[in-house]
Amino acid sequence: QVQLVESGGGLVQAGGSLRLSCTASGLTFSSYTMDWFRQVPGNEREFVAGISRSGHSTRYADSVKGRFTISRDNAKKTAWLQMNSLKPEDTAVYYCNAKESVLISTELFGSWGQGTQVTVSS
């Protein structure tokens with residue numbers, strides 16, 4: 001059974017930084033693309049960033065390009081989302097997502113973590 005556990009969320013002022021972590025178990029980590037999504041109450045869950053199985057390819061939502069960086073360590077079965085220059089509109093619950101997929105996908109399928117709250121104050 002796939003389990004994804006996120007950590008690292010919290011309250012930060014605008015312009016600040018946070019680093020989210022996602023540790024996986026119950027899967028062959030290197031066979032999964034890893035993504036981060038976020039969701040604000042009342043809105044659909046949206047793609048933020050994705051990384052290929054090897055870590056050599058990444059993809060970002062336009063709203064976070066240049067500010068967020070996704071990375072992974074297959075030996076540690078962990079993915080990270082480094083978030084810099086945070087804005088109040090980045091406030092959301094952030095979810096880790098694992099897909100047994102060859103290509104990075106922005107679609108809503110695969111396994112999910114429980115989410116971690118990120119709040120950016122102005």
Side-chain angles (χ1 to χ4, degrees):
Q1 184 176 352
V2 176
Q3 275 197 312
L4 303 172
V5 178
E6 300 104 333
S7 62
L11 173 64
V12 64
Q13 286 190 328
S17 298
L18 282 174
R19 190 190 196 203
L20 305 183
S21 298
C22 173
T23 301
S25 60
L27 76 168
T28 303
F29 189 72
S30 58
S31 296
Y32 287 70
T33 61
M34 297 299 296
D35 308 307
W36 288 93
F37 285 73
R38 66 188 181 186
Q39 189 169 22
V40 175
N43 289 5
E44 289 189 355
R45 194 169 294 188
E46 65 173 5
F47 174 83
V48 174
I51 189 166
S52 63
R53 297 178 299 180
S54 67
H56 292 156
S57 297
T58 57
R59 183 174 178 179
Y60 297 93
D62 289 342
S63 58
V64 307
K65 277 182 184 175
R67 300 188 297 122
F68 290 11
T69 302
I70 188 171
S71 60
R72 68 187 292 163
D73 184 326
N74 286 347
K76 294 181 179 179
K77 294 188 175 183
T78 301
W80 296 274
L81 184 68
Q82 178 67 44
M83 305 186 294
N84 298 330
S85 302
L86 282 161
K87 304 175 181 180
E89 51 263 45
D90 293 319
T91 296
V93 177
Y94 283 72
Y95 295 90
C96 179
N97 172 248
K99 297 184 177 77
E100 196 169 13
S101 174
V102 174
L103 300 176
I104 298 169
S105 170
T106 64
E107 299 298 314
L108 294 170
F109 69 92
S111 300
W112 299 90
Q114 81 286 354
T116 185
Q117 176 70 46
V118 171
T119 302
V120 184
S121 63
S122 57

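Note that the structure is predicted; figures quoted are calculated from it, not measured. Numbers here are sequence positions counted from 1.
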Peer 1: Keeping Arg72 on the side-chain end and Ser52 on the backbone end, is there a donor-acceptor pair under 3.5 Å?
Peer 2: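 Checked: pair present.
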
Peer 1: Do Leu108 and Phe47 share a hydrophobic cluster (ILVMFWY, side-chain heavy atoms under 4.5 Å, transitive)?
Peer 2: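 They do share one cluster, since a chain of ILVMFWY contacts under 4.5 Å joins Leu108 to Phe47.
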
Peer 1: Hydrophobic clusters here meaning ILVMFWY residues chained together by side-chain heavy-atom distances under 4.5 Å, can you tell me if Tyr94 and Ile70 are in one?
Peer 2: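 Yes, Tyr94 connects to Ile70 through the hydrophobic network.
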
Peer 1: If every non-hydrogen atom of Ser85 is compared with every non-hydrogen atom of Ser17, which pair is closest and at what distance?
Peer 2: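 Taking Ser85 first and Ser17 second, the nearest heavy atoms are N-OG, 4.4 Å.
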
Peer 1: Give me the one residue out of Glu44, Glu46, Arg45 that meets side-chain hydrogen bond (donor to acceptor under 3.5 Å, both in side chains) with Gln39.
Peer 2: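 Among the candidates, only Arg45 passes.
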
Peer 1: Compare every heavy atom of Ile51 with every heavy atom of Ser71, then report the nearest pair and how far apart it is.
Peer 2: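 Taking Ser71 first and Ile51 second, the nearest heavy atoms are CA-CD1, 3.6 Å.
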
Peer 1: Are Trp36 and Val120 connected into the same hydrophobic cluster when the rule is that any two of I, L, V, M, F, W, Y join if their side-chain heavy atoms are below 4.5 Å apart?
Peer 2: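 Same cluster: Val120 reaches Trp36 through Ile, Leu, Val, Met, Phe, Trp or Tyr contacts under 4.5 Å.
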
Peer 1: Does Val102 form a side chain to side chain contact (heavy atoms under 4.5 Å, CB included) with Arg53? I'd like the steps, not just the answer.
Peer 2: CA-CA 7 Å; Val102 174; Arg53 297 178 299 180; 4.0 Å; yes

Peer 1: What's the shortest heavy-atom distance between Tyr95 and Gly113, and which atoms?
Peer 2: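 Result for this residue pair: CD2-O, 3.6 Å.
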
Peer 1: Is any side-chain heavy atom of Thr91 closer than 4.5 Å to a side-chain heavy atom of Gln117?
Peer 2: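 Yes. Closest side-chain heavy atoms under 4.5 Å.
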
Peer 1: Sequence neighbours excluded, which residues qualify as side chain to side chain donor-acceptor pair (under 3.5 Å) partners of Asp90?
Peer 2: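 Counting only residues at least two positions away or on another chain, Asp90 forms a side chain to side chain donor-acceptor pair (under 3.5 Å) with Arg38, Arg67.
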
Peer 1: Restricting to non-hydrogen atoms, name the atom on Ala49 and the atom on Leu81 that form the minimum distance, rounded to 0.1 Å.
Peer 2: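 Looking at all heavy atoms of both residues, the shortest contact is CB-CD1, 4.0 Å.
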
Peer 1: Less than 4.5 Å apart, side chain to side chain, heavy atoms only: is that true for Val2 and Trp112?
Peer 2: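 Counting from C-beta outward, Val2 and Trp112 never come under 4.5 Å.
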
Peer 1: In the structure I gave you, are the side-chain heavy atoms of Trp80 and Cys22 within less than 4.5 Å of one another anywhere?
Peer 2: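 Not in contact.
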
Peer 1: Please report the interatomic distance SG(Cys96) to CD(Gln3), rounded to the nearest 0.5 Å.
Peer 2: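 Those atoms lie 12.0 Å apart.
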
Peer 1: Using side-chain heavy atoms (C-beta onward) and a distance below 4.5 Å, is Leu20 in contact with Phe68?
Peer 2: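 With C-beta onward as the side chain, the pair stays apart.
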
Peer 1: Locate the shortest heavy-atom distance separating Met34 from Leu4; write the atom from each residue and the value.
Peer 2: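 Minimum heavy-atom separation between Met34 and Leu4: CE-CD2, 4.3 Å.
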
Peer 1: Tell me the closest heavy-atom pair linking Tyr60 and Thr69, and the distance in Å.
Peer 2: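 For Tyr60 versus Thr69, the nearest heavy atoms are OH-CA, 3.3 Å.
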
Peer 1: Look at the side chain of Glu100 and the backbone N and O of Gly110, then say whether any donor-acceptor pair between them is shorter than 3.5 Å.
Peer 2: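 No, because the side chain of Glu100 does not come within donor-acceptor range (under 3.5 Å) of the backbone of Gly110.
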
Peer 1: With sequence neighbours excluded, give me every side chain to side chain donor-acceptor pair (under 3.5 Å) pair touching residues 25-35.
Peer 2: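 Qualifying pairs, neighbours excluded: Asp35-Lys99.
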
Peer 1: When rounded to the nearest 0.5 angstrom, what distance separates OG1 in Thr23 from CD in Glu6?
Peer 2: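 With rounding to 0.5 Å, OG1 (Thr23) is 9.5 Å from CD (Glu6).
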
